[in-house]
Amino acid sequence: MSLKVYNTLTRQKEEFQPLSPPQVTMYVCGPTVYDNAHVGHAMSSLVFDIIRRYLQYRGFTVRHVMNYTDVDDKIIMRAQYEEIDAMELAERYIVQYGDHLADLNILPASAYPRVSTEMDNIVRVVQGLIDKGFAYEVDGDVYFRVAKDDDYGKLSRRKLEDMSSGSRIDVDTRKESPMDFALWKAAKPGEPAWDSPWGQGRPGWHIECSVMTIEHLGEQIDIHGGGNDLIFPHHENEIAQSESFTGKPFAKYWLHNGMMQLAGEKMSKSLGNLVTIKEFLSKHEADVLRLLVINSSYRSPLTFNDEVLEQTTRALERLRGGLKPAFPQASGAPDEALQSLVEQLEKSRSGFNESMEDDFNSAGALGHLFDLVRAINQARDARATAEQLSESQEALEELTGVLGLRMQARLADETGAGPFIDMLLEVRKELRAEKLWALSDKVRDGLKALGVLVEDTKDGTSWRWE
RNA sequence: GGCGACGUGGCCAAGUGGUAAGGCAGGGGCCUGCAAAGCCCCCAUCACGGGUUCGAAUCCCGUCGUCGCCUCCA
């Protein structure tokens, strides 16, 4: 099999061939830390976590870097408003985002560089661009000279002429071209500032990612990822800076995730239509968000609303149901039942792989896992023993694990209520033996009201948190 | 205005040339004291109009609609 990935740069699926296998270098643009992160940010981190996990499952060694933008206009404005230090504000949200990543079961990156810790490198690269004629200084600002970069616009497929005509950018007459963008901005009074050959100032937005990529992964990398709202201008400018500086192709594959949609619109801070990760996790399990992401193409917009969350929660229950144990008194399933389980396991495993090979088609892969769940349930119903189910259930755990699902339902003893619930169910068992249905149902309904689902089977009664 | 993406059953969503995965919801049945869970069965011809082809949801043209980027944004 061969892995195909959709490359924004070429607008087509290409065979994935890293520069020096089995090593894969991947840089993903992280958040600007000035406020609570929302589920759209989580989506992006989840998408690239799934990609990373699949690459590792497939035998690649992934070096993964995600940055935090901790020097930025909005951080400064917010800090001034709250009357605290800008770095302190950024630190607060960096810590919070790190917690979110852990809560969401996202594998730790190899490095989390920040603008504030890369300042020397940034200055060095900006100076290098000036030296090579790709940038110029005006009144303490440094701008990238777009006209000097002959393939500028190749990622977003824009032509300079098209852009300047319809431009909404205020024309800064000091710039040679309206499309020239800032590499370094002179400090205004009261703003955080760093020393540079052009005076006190701070970096422009795009340069940090070029510098961090080169510093932490090298001048040429395999995968550069981020939301598709970053294609222009951010990634376009990264390419311009990096390739002008190094003279080499920058990232081989550009991967972009679609936007989270709330009420038909992109979820964003500026539109104010957002659900923070904190809010989400207070109401739902992390696996629900991950399953939502898995169940559609990472490149497409993702519908996010209460109805879909409800559906996804149910789907997660079903998926986990495949891991329920064999019946305690199971005596063994007939050969043909076991045979069809084995066949479905093979089909599901190969189907899963084929789907994921096709540009990480996790939704297709998930479909094959649900087929496996059904087969396991059928075998269990046919009295398969734990031993007879184990191979399939282990495969289900392995493959859902590749997608990063934890598959752990809320633990029974999490609240310490387990022994009390067990005792109630023991009493209920006696009530049922006496056929006192009204009373036994009262116990079940009462527990249900407290979030405990009671299920009777031939082999006894089990319960779980709703 | 420029560039790009998308429009599949009630909802979410795979599938990009050979006659529509999966999940949720719904209907019927089995099981069950009842329920829950599980199992079985049923439930779409793919926005619309042309065209190419033996054959199209899948390719081309047009129309309508939705969304994204062009300004900070995952």
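Order of the sequence lines sets the chain letters (A, B, ...), proteins ahead of strands, with each chain counted from 1. Here the structure is a predicted model, which means the values were calculated and not measured.
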Ring-base stacking, Trp437(A) with rG33(B) (5.5 Å, 30° cut-offs)
yes
Counting only side-chain heavy atoms from C-beta out, which of rG15(B), rC70(B), rG68(B) sits nearest to Pro233(A)?
rC70(B)
Across the strands shown, which category fits His368(A) at heavy-atom distances under 4.0 angstrom: base, sugar-phosphate, nothing?
nothing
Which nucleotide, rC24(B), rC39(B), rA13(B), lies nearest any side-chain atom of Ala363(A)?
rA13(B)
For rG26(B), which nucleotide is its Watson-Crick or G-U wobble mate, given both distances must be under 3.5 Å?
rC42(B)
Do His224(A) and Tyr27(A) have ring centroids that are under 6.0 Å from one another?
yes
Please pick, from rC39(B), rG23(B), rA25(B), the nucleotide with the shortest atom-to-atom distance to any side-chain atom of Phe370(A).
rG23(B)
For rG68(B), the Watson-Crick or wobble counterpart (both distances under 3.5 Å):
rC3(B)
Taking only the side-chain heavy atoms of Arg444(A) (C-beta and beyond), determine which of rC34(B), rA74(B), rG23(B) contains the nearest atom.
rC34(B)
How far apart are the closest heavy atoms of Gly321(A) and Asn377(A), and which atoms are they?
O-OD1, 3.8 Å
Looking at Asn361(A), does any N or O in its side chain come under 4.0 Å of the phosphate oxygens OP1/OP2 on rA14(B)?
no
Name the nucleic acid region contacted by Val28(A), choosing base, sugar-phosphate or nothing; use a 4.0 angstrom heavy-atom cut-off, strictly under.
nothing
Look at all strands and tell whether Gly351(A) reaches a base, only sugar-phosphate, or nothing, counting heavy atoms closer than 4.0 Å.
nothing
Of all the choices, rC11(B), rG38(B), rC34(B), which nucleotide is nearest to the side chain of Glu307(A) once you look at every atom?
rC11(B)
What interatomic distance, in whole Å, is found between P of rG28(B) and the corresponding atom of rU66(B)?
38 Å
Using purine N1 to pyrimidine N3 plus N6-O4 or O6-N4 for Watson-Crick, or N1-O2 and O6-N3 for G-U wobble, both under 3.5 Å, which nucleotide pairs with rC59(B)?
rG51(B)
Under 4.0 Å between a side-chain N/O of Arg318(A) and OP1 or OP2 of rC39(B), yes or no?
yes
How many Å lie between CZ on Phe304(A) and P on rA13(B), as a whole number?
13 Å
Would the number of heavy atoms belonging to other residues, nucleotides or ligands and lying under 6.0 Å from NZ of Lys448(A) be above 12?
no
Could you tell me which non-hydrogen atom of Met66(A) sits nearest to which non-hydrogen atom of Pro31(A), and how far apart they are?
CE-CD, 4.0 Å
Which value, in whole Å, describes the distance between the C1' atoms of nucleotides rG62(B) and rG27(B)?
41 Å
Using a 4.0 Å heavy-atom cut-off, does Gln261(A) contact any base of the nucleic acid, only the sugar-phosphate backbone, or nothing at all?
sugar-phosphate
What's the closest nucleotide to the Glu265(A) side chain, out of rU16(B), rC34(B), rG68(B)?
rG68(B)
Using atom C1' of each nucleotide, how far apart are rU63(B) and rG22(B) to the nearest Å?
33 Å
What nucleotide, of rG2(B), rC39(B), rC34(B), holds the atom closest to the side chain of Arg158(A)?
rG2(B)
Regarding Glu236(A) and Arg157(A), does a basic nitrogen lie under 4.0 Å from an acidic carboxylate oxygen?
no
When you get a sec, tell me which of rC34(B), rA13(B), rG23(B) is the closest nucleotide to the side chain of Asp441(A)?
rC34(B)
Tell me whether Arg158(A) forms a cation-pi arrangement with Phe232(A), defined as NZ or CZ under 6.0 Å from the six-membered ring centre and within 45 degrees of its axis.
yes
Strictly by Watson-Crick or wobble contacts shorter than 3.5 Å, is anything paired with rU16(B), and which nucleotide is it?
none
